[in-house]
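Every chain is numbered from 1 and lettered A, B, ... according to where its sequence line falls, protein lines coming before strand lines.
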Amino acid sequence: MPSLLADEISVWFRAEARDLPWRHPETTPWGVMVSEFMLQQTPVARVEPIWTDWMARWPMPSALAAAPRADVLRAWGKLGYPRRAIRLHDAAAAIASEYGDQVPSDVETLEALPGVGSYTARAVAAFGHGLRAAVVDTNVRRVVARAVHGAGDAGPARTRADLADVDALLPNSDAEAAVASAGLMELGAVVCTARAPRCGLCPVSARCTWVAAGRPEYTGPRKPVQGFAGTDRQVRGKLLDVLRGSPHPVPRTALDAVWSDAGQRDRCLDSLLVDGLAEQTDDGRFALPTGPA
DNA sequence: TACGCGTGGAA
DNA sequence: TTTCCAAGCGT
(Lines give C-alpha, C1' and ligand atoms only; values in the text may rest on other atoms or scores of the structure.)
Protein backbone atom coordinates (compact mmCIF):
# COMPACT_ATOMS: atom_id res chain seq x y z
CA MET A 1 0.00 0.00 0.00
CA PRO A 2 1.77 3.15 -1.21
CA SER A 3 1.85 6.09 1.17
CA LEU A 4 2.04 9.70 -0.02
CA LEU A 5 3.44 10.56 3.39
CA ALA A 6 6.44 8.27 2.94
CA ASP A 7 6.95 9.35 -0.67
CA GLU A 8 7.10 13.01 0.26
CA ILE A 9 9.40 12.36 3.19
CA SER A 10 11.68 10.41 0.82
CA VAL A 11 11.81 13.30 -1.65
CA TRP A 12 12.66 15.66 1.19
CA PHE A 13 15.29 13.31 2.59
CA ARG A 14 17.09 12.93 -0.72
CA ALA A 15 17.40 16.72 -0.90
CA GLU A 16 18.01 17.61 2.73
CA ALA A 17 19.71 14.67 4.44
CA ARG A 18 22.67 15.56 6.64
CA ASP A 19 26.00 14.41 5.29
CA LEU A 20 26.87 11.85 7.97
CA PRO A 21 29.88 9.61 7.35
CA TRP A 22 28.01 6.35 7.89
CA ARG A 23 25.60 7.39 5.12
CA HIS A 24 28.34 7.55 2.49
CA PRO A 25 27.84 4.95 -0.27
CA GLU A 26 31.10 3.17 0.48
CA THR A 27 30.11 2.48 4.08
CA THR A 28 29.78 -1.25 4.71
CA PRO A 29 27.02 -2.98 6.70
CA TRP A 30 29.61 -3.31 9.46
CA GLY A 31 30.13 0.45 9.45
CA VAL A 32 26.39 0.97 9.71
CA MET A 33 26.19 -1.51 12.57
CA VAL A 34 28.97 0.27 14.46
CA SER A 35 27.20 3.60 13.99
CA GLU A 36 23.93 2.18 15.28
CA PHE A 37 25.57 0.88 18.45
CA MET A 38 27.22 4.23 19.07
CA LEU A 39 24.04 6.19 18.36
CA GLN A 40 21.99 4.34 20.97
CA GLN A 41 21.07 7.16 23.35
CA THR A 42 24.02 9.25 22.17
CA PRO A 43 23.98 12.43 20.00
CA VAL A 44 25.32 12.38 16.43
CA ALA A 45 27.90 15.09 17.08
CA ARG A 46 29.64 13.03 19.72
CA VAL A 47 29.56 9.82 17.69
CA GLU A 48 31.08 11.17 14.46
CA PRO A 49 34.77 11.43 15.43
CA ILE A 50 34.74 8.19 17.42
CA TRP A 51 33.10 6.31 14.56
CA THR A 52 35.64 7.62 12.04
CA ASP A 53 38.62 6.52 14.14
CA TRP A 54 36.95 3.20 14.95
CA MET A 55 36.34 2.26 11.32
CA ALA A 56 39.88 3.18 10.30
CA ARG A 57 41.23 0.95 13.05
CA TRP A 58 38.78 -1.96 12.81
CA PRO A 59 37.34 -1.99 9.28
CA MET A 60 35.76 -5.41 9.62
CA PRO A 61 34.28 -7.47 12.45
CA SER A 62 37.25 -9.87 12.68
CA ALA A 63 39.61 -6.94 13.23
CA LEU A 64 37.61 -5.71 16.20
CA ALA A 65 37.19 -9.23 17.53
CA ALA A 66 40.97 -9.63 17.63
CA ALA A 67 41.49 -6.47 19.69
CA PRO A 68 42.01 -6.56 23.45
CA ARG A 69 39.03 -5.51 25.54
CA ALA A 70 40.98 -2.65 27.05
CA ASP A 71 41.72 -1.20 23.61
CA VAL A 72 38.05 -1.40 22.69
CA LEU A 73 36.96 0.36 25.88
CA ARG A 74 39.57 3.10 25.47
CA ALA A 75 38.53 3.66 21.84
CA TRP A 76 34.92 3.95 23.01
CA GLY A 77 36.17 6.80 25.15
CA LYS A 78 33.46 8.83 26.83
CA LEU A 79 30.59 8.00 24.51
CA GLY A 80 28.76 6.66 27.54
CA TYR A 81 27.07 3.36 28.35
CA PRO A 82 30.34 1.43 27.87
CA ARG A 83 28.55 -1.90 28.09
CA ARG A 84 27.66 -1.14 24.48
CA ALA A 85 31.36 -1.44 23.61
CA ILE A 86 31.52 -4.84 25.27
CA ARG A 87 28.45 -6.01 23.38
CA LEU A 88 29.77 -4.66 20.07
CA HIS A 89 33.05 -6.48 20.70
CA ASP A 90 31.17 -9.70 21.42
CA ALA A 91 28.87 -9.22 18.42
CA ALA A 92 31.92 -8.74 16.19
CA ALA A 93 33.37 -12.02 17.45
CA ALA A 94 30.12 -13.84 16.69
CA ILE A 95 29.94 -12.36 13.19
CA ALA A 96 33.56 -13.25 12.49
CA SER A 97 33.26 -16.83 13.71
CA GLU A 98 29.71 -17.75 12.77
CA TYR A 99 28.91 -15.66 9.71
CA GLY A 100 32.16 -15.51 7.77
CA ASP A 101 32.89 -11.93 8.82
CA GLN A 102 29.73 -10.75 7.03
CA VAL A 103 27.12 -8.79 8.96
CA PRO A 104 23.83 -10.73 8.69
CA SER A 105 20.94 -9.09 6.85
CA ASP A 106 18.15 -11.12 8.43
CA VAL A 107 16.40 -9.28 11.27
CA GLU A 108 15.96 -12.34 13.47
CA THR A 109 19.60 -13.33 13.07
CA LEU A 110 20.71 -9.80 13.89
CA GLU A 111 18.49 -9.63 16.97
CA ALA A 112 20.26 -12.68 18.38
CA LEU A 113 23.56 -10.78 18.49
CA PRO A 114 24.65 -9.14 21.77
CA GLY A 115 23.49 -5.54 22.04
CA VAL A 116 21.24 -5.78 18.98
CA GLY A 117 17.58 -5.22 19.79
CA SER A 118 14.57 -4.61 17.62
CA TYR A 119 15.62 -1.13 16.55
CA THR A 120 19.27 -1.87 15.75
CA ALA A 121 18.48 -5.09 13.89
CA ARG A 122 16.06 -3.29 11.60
CA ALA A 123 18.35 -0.31 11.16
CA VAL A 124 21.21 -2.58 10.05
CA ALA A 125 18.88 -4.41 7.64
CA ALA A 126 17.56 -1.16 6.21
CA PHE A 127 20.58 1.16 6.19
CA GLY A 128 23.32 -1.44 5.96
CA HIS A 129 21.71 -3.80 3.46
CA GLY A 130 19.10 -1.59 1.80
CA LEU A 131 16.19 -3.81 2.79
CA ARG A 132 12.59 -3.07 3.64
CA ALA A 133 12.42 -3.14 7.45
CA ALA A 134 10.25 -1.00 9.70
CA VAL A 135 12.69 1.01 11.82
CA VAL A 136 11.06 2.22 15.01
CA ASP A 137 13.03 4.57 17.22
CA THR A 138 11.99 7.50 19.37
CA ASN A 139 12.09 9.89 16.39
CA VAL A 140 9.94 7.69 14.17
CA ARG A 141 7.46 7.12 16.98
CA ARG A 142 7.10 10.85 17.44
CA VAL A 143 6.64 11.55 13.70
CA VAL A 144 3.97 8.85 13.42
CA ALA A 145 2.24 9.99 16.61
CA ARG A 146 1.92 13.48 15.18
CA ALA A 147 1.46 13.03 11.44
CA VAL A 148 -0.75 9.93 11.62
CA HIS A 149 -2.40 9.96 15.03
CA GLY A 150 -2.64 13.69 15.68
CA ALA A 151 -1.02 13.41 19.11
CA GLY A 152 1.59 15.82 20.43
CA ASP A 153 3.97 13.00 21.31
CA ALA A 154 4.23 9.24 21.23
CA GLY A 155 3.65 8.22 24.84
CA PRO A 156 4.55 4.76 26.13
CA ALA A 157 5.77 2.20 23.59
CA ARG A 158 3.18 -0.04 21.95
CA THR A 159 5.76 -2.30 20.40
CA ARG A 160 3.65 -4.35 18.03
CA ALA A 161 1.34 -1.50 17.09
CA ASP A 162 4.26 0.89 16.53
CA LEU A 163 5.86 -1.62 14.18
CA ALA A 164 2.60 -2.10 12.30
CA ASP A 165 2.06 1.66 11.99
CA VAL A 166 5.47 2.17 10.42
CA ASP A 167 5.29 -0.93 8.25
CA ALA A 168 2.04 0.36 6.78
CA LEU A 169 3.77 3.57 5.67
CA LEU A 170 6.70 1.96 3.88
CA PRO A 171 6.87 1.57 0.10
CA ASN A 172 6.95 -1.98 -1.20
CA SER A 173 10.40 -2.03 -2.76
CA ASP A 174 13.46 -2.57 -0.60
CA ALA A 175 15.37 0.45 -1.90
CA GLU A 176 12.44 2.87 -1.59
CA ALA A 177 11.52 1.56 1.85
CA ALA A 178 15.08 2.01 3.10
CA VAL A 179 15.09 5.64 1.97
CA ALA A 180 11.70 6.25 3.56
CA SER A 181 12.92 4.75 6.83
CA ALA A 182 15.98 6.99 6.87
CA GLY A 183 13.74 9.93 6.03
CA LEU A 184 11.34 9.23 8.89
CA MET A 185 14.22 9.19 11.34
CA GLU A 186 15.82 12.30 9.87
CA LEU A 187 12.56 14.20 9.97
CA GLY A 188 12.12 13.40 13.64
CA ALA A 189 15.72 14.30 14.40
CA VAL A 190 15.92 17.69 12.69
CA VAL A 191 12.37 18.99 12.02
CA CYS A 192 9.72 17.13 14.00
CA THR A 193 11.68 17.48 17.21
CA ALA A 194 10.45 16.84 20.71
CA ARG A 195 10.48 20.31 22.17
CA ALA A 196 10.27 22.88 19.35
CA PRO A 197 9.08 21.29 16.09
CA ARG A 198 9.84 23.35 12.98
CA CYS A 199 6.59 22.72 11.16
CA GLY A 200 7.38 25.53 8.72
CA LEU A 201 10.17 23.40 7.31
CA CYS A 202 8.26 20.12 7.31
CA PRO A 203 7.59 18.45 3.95
CA VAL A 204 4.38 16.86 5.23
CA SER A 205 2.89 19.55 7.45
CA ALA A 206 0.01 19.86 4.96
CA ARG A 207 -1.02 16.26 5.72
CA CYS A 208 -0.09 16.23 9.39
CA THR A 209 -3.10 15.44 11.54
CA TRP A 210 -1.46 17.06 14.56
CA VAL A 211 -1.02 20.36 12.68
CA ALA A 212 -4.57 20.06 11.36
CA ALA A 213 -5.82 19.71 14.92
CA GLY A 214 -4.02 22.89 15.98
CA ARG A 215 -0.99 21.16 17.49
CA PRO A 216 -2.68 20.17 20.76
CA GLU A 217 -0.33 19.71 23.67
CA TYR A 218 0.61 16.19 24.70
CA THR A 219 -1.30 15.16 27.79
CA GLY A 220 -0.32 11.52 28.25
CA PRO A 221 2.17 10.10 30.74
CA ARG A 222 5.73 11.43 30.58
CA LYS A 223 8.64 9.12 31.08
CA PRO A 224 10.30 10.00 34.38
CA VAL A 225 13.51 11.97 33.99
CA GLN A 226 16.50 9.94 35.08
CA GLY A 227 18.56 11.43 37.84
CA PHE A 228 22.32 11.23 37.55
CA ALA A 229 24.08 13.04 40.39
CA GLY A 230 24.82 10.59 43.16
CA THR A 231 23.67 7.50 41.29
CA ASP A 232 25.64 4.32 40.77
CA ARG A 233 25.82 5.33 37.13
CA GLN A 234 27.83 8.40 38.04
CA VAL A 235 30.11 6.46 40.35
CA ARG A 236 30.73 3.73 37.79
CA GLY A 237 31.59 6.42 35.27
CA LYS A 238 34.14 7.96 37.60
CA LEU A 239 35.73 4.62 38.42
CA LEU A 240 35.94 3.62 34.79
CA ASP A 241 37.43 6.99 33.88
CA VAL A 242 40.34 6.25 36.21
CA LEU A 243 40.89 2.82 34.68
CA ARG A 244 40.70 4.17 31.12
CA GLY A 245 43.20 6.87 31.95
CA SER A 246 45.85 4.62 33.45
CA PRO A 247 48.20 2.51 31.31
CA HIS A 248 48.83 0.27 34.32
CA PRO A 249 46.65 -1.40 36.95
CA VAL A 250 45.80 0.98 39.79
CA PRO A 251 45.65 0.27 43.52
CA ARG A 252 42.32 0.41 45.32
CA THR A 253 43.39 3.66 46.97
CA ALA A 254 43.43 5.36 43.56
CA LEU A 255 39.76 4.47 43.21
CA ASP A 256 38.91 5.51 46.76
CA ALA A 257 39.65 9.08 45.73
CA VAL A 258 36.81 9.37 43.21
CA TRP A 259 33.87 8.83 45.60
CA SER A 260 33.60 9.31 49.33
CA ASP A 261 30.83 6.81 50.09
CA ALA A 262 32.83 3.59 50.50
CA GLY A 263 29.83 1.31 50.41
CA GLN A 264 28.53 2.70 47.15
CA ARG A 265 32.03 2.79 45.71
CA ASP A 266 32.65 -0.88 46.48
CA ARG A 267 29.26 -1.91 45.15
CA CYS A 268 29.94 -0.07 41.90
CA LEU A 269 33.41 -1.54 41.52
CA ASP A 270 31.95 -5.01 42.00
CA SER A 271 29.33 -4.31 39.35
CA LEU A 272 32.02 -3.21 36.90
CA LEU A 273 33.83 -6.51 37.49
CA VAL A 274 30.59 -8.43 36.95
CA ASP A 275 29.89 -6.52 33.74
CA GLY A 276 33.32 -7.29 32.34
CA LEU A 277 34.28 -3.63 32.33
CA ALA A 278 37.09 -4.10 34.88
CA GLU A 279 39.40 -6.80 36.19
CA GLN A 280 41.37 -7.36 39.36
CA THR A 281 45.00 -8.40 38.95
CA ASP A 282 46.69 -11.12 41.03
CA ASP A 283 48.28 -8.49 43.25
CA GLY A 284 44.89 -6.93 44.00
CA ARG A 285 45.01 -3.90 41.75
CA PHE A 286 42.36 -2.94 39.18
CA ALA A 287 42.47 -2.39 35.42
CA LEU A 288 40.46 -2.52 32.24
CA PRO A 289 39.98 -6.14 31.12
CA THR A 290 42.65 -7.87 29.05
CA GLY A 291 42.29 -10.35 26.24
CA PRO A 292 40.00 -10.55 23.24
CA ALA A 293 37.92 -12.81 25.47
C1' DT B 1 6.69 -3.43 32.19
C1' DA B 2 9.80 -0.57 34.67
C1' DC B 3 14.13 0.25 35.69
C1' DG B 4 19.28 0.78 35.46
C1' DC B 5 22.82 1.88 32.54
C1' DG B 6 27.16 7.38 30.93
C1' DT B 7 27.98 11.62 29.12
C1' DG B 8 28.11 16.51 28.16
C1' DG B 9 25.62 20.08 25.42
C1' DA B 10 21.46 23.03 24.97
C1' DA B 11 17.56 25.65 26.81
C1' DT C 1 21.91 26.85 37.77
C1' DT C 2 18.94 23.24 36.86
C1' DT C 3 16.60 20.49 33.82
C1' DC C 4 16.21 17.50 29.98
C1' DC C 5 17.71 14.96 27.39
C1' DA C 6 20.14 11.78 22.38
C1' DA C 7 19.14 6.85 16.45
C1' DG C 8 18.02 1.54 23.00
C1' DC C 9 19.20 -2.80 25.28
C1' DG C 10 18.83 -6.35 28.81
C1' DT C 11 16.73 -8.01 32.80
Side-chain angles (χ1 to χ4, degrees), chain A residues 13 17-18 20-23 31-51 73 76-88 90-91 110-128 133-144 153-160 162-163 166 178 181-196 218 221-244 258-259 264 267-268 271-272 274-278:
Chain A
F13 179 75
R18 290 169 293 175
L20 304 176
W22 45 85
R23 288 178 174 168
V32 170
M33 182 171 159
V34 171
S35 77
E36 294 300 340
F37 267 76
M38 292 181 173
L39 287 163
Q40 292 168 4
Q41 301 283 281
T42 305
V44 166
R46 251 196 295 159
V47 166
E48 275 195 356
I50 306 291
W51 182 88
L73 288 169
W76 193 261
K78 307 197 78 167
L79 274 185
Y81 292 140
R83 293 190 296 186
R84 291 181 293 168
I86 299 291
R87 291 171 182 151
L88 179 56
D90 290 345
L110 286 162
E111 280 183 332
L113 294 169
V116 179
S118 175
Y119 163 76
T120 300
R122 291 161 190 283
V124 170
F127 311 138
V135 173
V136 181
D137 76 330
T138 184
N139 289 310
V140 174
R141 280 176 20 84
R142 184 172 56 251
V143 169
V144 171
D153 218 326
R158 309 137 49 235
T159 311
R160 293 304 298 274
D162 290 337
L163 214 49
V166 176
S181 295
L184 281 164
M185 291 187 56
E186 185 80 348
L187 190 65
V190 305
V191 173
C192 193
T193 55
R195 105 194 154 281
Y218 175 74
R222 288 281 177 188
K223 62 177 67 172
V225 178
Q226 293 186 71
F228 183 64
T231 62
D232 285 3
R233 229 158 64 255
Q234 182 183 22
V235 179
R236 284 164 56 102
K238 285 178 176 294
L239 292 171
L240 205 54
D241 200 38
V242 172
L243 302 183
R244 269 196 306 264
V258 306
W259 199 252
Q264 186 177 21
R267 178 175 73 245
C268 289
S271 73
L272 290 176
V274 168
D275 287 346
L277 289 165

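- B/dT1 and C/dG10: their C1' atoms are spaced 13 Å apart (whole Å).
- Using atom P as the reference point in both C/dA7 and B/dA10, the two lie 15 Å apart (nearest Å).
- Nearest heavy-atom pair, A/Thr42 versus A/Met38, reported as atom, atom and distance to 0.1 Å: CB-O, 3.2 Å.
- Here the CZ atom belonging to A/Arg236 is positioned 11.0 Å from the CZ atom belonging to A/Arg267, to the nearest 0.5 angstrom.
- A/Val135 comes within 4.0 angstrom of nothing in the nucleic acid, heavy atoms only.
- With a heavy-atom cut-off of 4.0 Å to chain A, the contacted part of DNA chain C has its first and last nucleotide at C/dC4 to C/dG10.
- Among the protein residues, A/Thr138 comes within range of the sugar-phosphate backbone only, with heavy atoms under 4.0 Å from sugar or phosphate atoms but none that close to a base.
- Position along DNA chain C of the nearest nucleotide to A/Leu113 versus A/Val225 favours A/Val225 as the more 5'-ward residue.
- Of the residues A/Val143, A/Thr138, A/Val144, the one that meets the side chain to side chain contact (heavy atoms under 4.5 Å, CB included) test with A/Val140 is A/Val144.
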- Going 5' to 3' along nucleotides 1-11 of chain B, which nucleotides have protein heavy atoms under 4.0 Å from the base (write B), which only from the sugar-phosphate (write S), and which from neither (write -)? ---BBBBS--S
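- Residue order along DNA chain C, read from the 5' end via each residue's closest nucleotide, puts A/Phe127 first among A/Pro114 and A/Phe127.
- Using a 4.0 Å cut-off between charged side-chain N and carboxylate O, A/Arg244 and A/Asp241 make a salt bridge.
- Salt-bridge annotation for A/Arg18 and A/Glu48: absent, with no side-chain N of the basic residue lying under 4.0 Å from a carboxylate O of the acidic one.
- Note that OG1 of A/Thr120 is 9.5 Å distant from CD of A/Glu111, once rounded to the nearest 0.5 Å.
- One finds the CZ atom of A/Arg233 at 13.5 Å from the NZ atom of A/Lys238 (value rounded to the nearest 0.5 Å).
- At a threshold of 4.0 angstrom between heavy atoms, the contacts of A/Trp76 with the nucleic acid are absent.
- Between B/dG6 and C/dT11, the two P atoms lie 14 Å apart (nearest whole Å).
- A side chain to side chain contact (heavy atoms under 4.5 Å, CB included) with A/Val136 is found for one member of A/Leu163, A/Thr159, A/Leu184 and no other, namely A/Leu163.
- Counting any heavy atom pair closer than 4.0 Å across all strands shown, A/Leu20 reaches a base atom.
- Nearest heavy atoms, A/Cys268 versus A/Ser271: O-OG, 2.7 Å.
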